[in-house]
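Counting starts at 1 for both ligands and their atoms, following the listed order.
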Amino acid sequence: MSVLKINSLKKTYDNGTQALKGVDLTIKTGMYGLLGPNGAGKSTLMKTIATLQEPDEGTIFLNDLDVLKEKHEVRKILGFLPQEFDVYPKATAYELLNHLAVLKGVTDSGVRKETINVLLEKTNLIHAKNKHLGGFSGGMKQRFGIAQALIGNPQLLIVDEPTAGLDPEERFRFHNILSELGENIIVILSTHIVEDVTELCNSMAIINQGQVIIESHPENVLSNLKGKIWKKVIDKNQIDEIEKTFKVISSRMYMGKTMVHIWAETDPGNDFIHIEPDLEDAYFYYIHTNQLKV
Ligand code: ADP
């Protein structure tokens, strides 16, 4: 079991944006979901853990390894799939993996060949081994991103906003690969898509405006809201009135009408129906109320 411990991490960019305002997280072997809206500070946090940028304050330890000081050691055991994985369109999958494996210190050509073939098998790309990356679909690029991140058997895999632009089948495949990895190593999945966390993660945190709002298991996050979420289908033009009276946590189109979810300690009346909270309710509740740790 590995443990990644992040303490009091702070980062202010040169333009004055406070991207991280003192982040504390404890992340153990398994799939960990870091959920937050755009601009929450997720990428800043991911890049900092991946030793690609410096924080102003704070510490990060992977077991006994001081991540911020021993960058070279960290890079040997780290896999990073950035938000945008710019592939070289003219290289083939094999060529680029070979190049990256050399950079990662896999010097023996026999070992390298074997490693690359295993990774291409694992990510279902063996058939595209000699194809140019420029012709890859979105899903293939993502899986290629995973393949390159896995060179050198990382103990820690960081995946930043991965499933944007994937069709359902590609997303399913990608999720399968991640959850298999999560059985043995720490996989941090940073995302603004609640479903990704619901489907994959056994631990999670919600981050907003550079702060961790809640860190827990998904079922604990939900249990705080049990019995307090209510729904109702309304006409679009009723929403203003509803918002004045109730604590609306989300509203969305539903068969041409609007479905509102509200938070209420007791039965709000008004034809609202009680529902079991899902992670999306929890996410909107915590983001909107910005209520600190419960
Ligand atoms: P997320 O990944 O959750 O969308 P980011 O970490 O990318 O969040 O950004 C957090 C905040 O920091 C945002 O307000 C963003 O505009 C700002 N930010 C990110 N990178 C930079 C940068 N290089 N310079 C200035 N501000 C930045």
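- Not a single heavy atom of G36 sits closer than 4.0 Å to an atom of ligand 1.
- Using a 4.5 Å cut-off on side-chain heavy atoms (C-beta onward), Q148 and L96 make no contact.
- Contact check on K47 versus D160 returns no salt bridge, with no Lys/Arg side-chain nitrogen under 4.0 Å from an Asp/Glu carboxylate oxygen.
- Y13 CE1, 3.4 Å is the protein heavy atom nearest to atom 19 (C) of ligand 1.
- Using modelled atom types, one finds no donor on one side chain facing an acceptor on the other under 3.5 Å when comparing S250 with E280.
- In terms of protein heavy-atom proximity, atom 8 (O) of ligand 1 is nearest to G41 N, 3.1 Å.
- The backbone N or O of T12 lies less than 3.5 Å from a partner atom in the side chain of D56, making a donor-acceptor pair.
- Remark: ligand 1 atoms within the under-4.0 Å shell around heavy atoms of N38 are 4 (O).
- Cation-pi geometry between K232 and F272 is satisfied (NZ or CZ under 6.0 Å from the ring centre, within 45° of the ring normal).
- Proximity of atom 16 (O) of ligand 1 to the protein is not indicated, since no non-hydrogen protein atom lies closer than 4.0 angstrom.
- Using a cutoff of 4.0 Å between basic side-chain nitrogens and carboxylate oxygens, E54 and K71 are scored as salt-bridged.
- Residue-ligand proximity, A40 to ligand 1, at heavy-atom distances under 4.0 Å covers atoms 1 (P), 3 (O), 8 (O).
- From the protein, the heavy atom lying nearest to atom 14 (O) of ligand 1 is T17 CG2, 3.5 Å.
- In summary, the atoms of ligand 1 found under 4.0 Å from a heavy atom of S43, numbered by their order in the structure, are 1 (P), 2 (O), 6 (O), 7 (O).
- Salt bridge status for E170 with R173: absent, with no side-chain N to carboxylate O gap under 4.0 Å.
- Summary of contacts: the protein heavy atom closest to atom 4 (O) of ligand 1 is G39 N, 2.7 Å.
- Grouping the Ile, Leu, Val, Met, Phe, Trp and Tyr side chains by contacts below 4.5 angstrom, directly or via other members, places V111 with I116.
- Residue contacts with ligand 1 include P37, since one or more of its heavy atoms lies under 4.0 Å from the ligand.
- The contact set between ligand 1 and N15, taken as ligand atoms under 4.0 Å from a residue heavy atom, comprises 25 (C), 26 (N).
- Proximity of T44 to ligand 1, defined as any heavy-atom pair under 4.0 Å, is shared by backbone and side chain alike.
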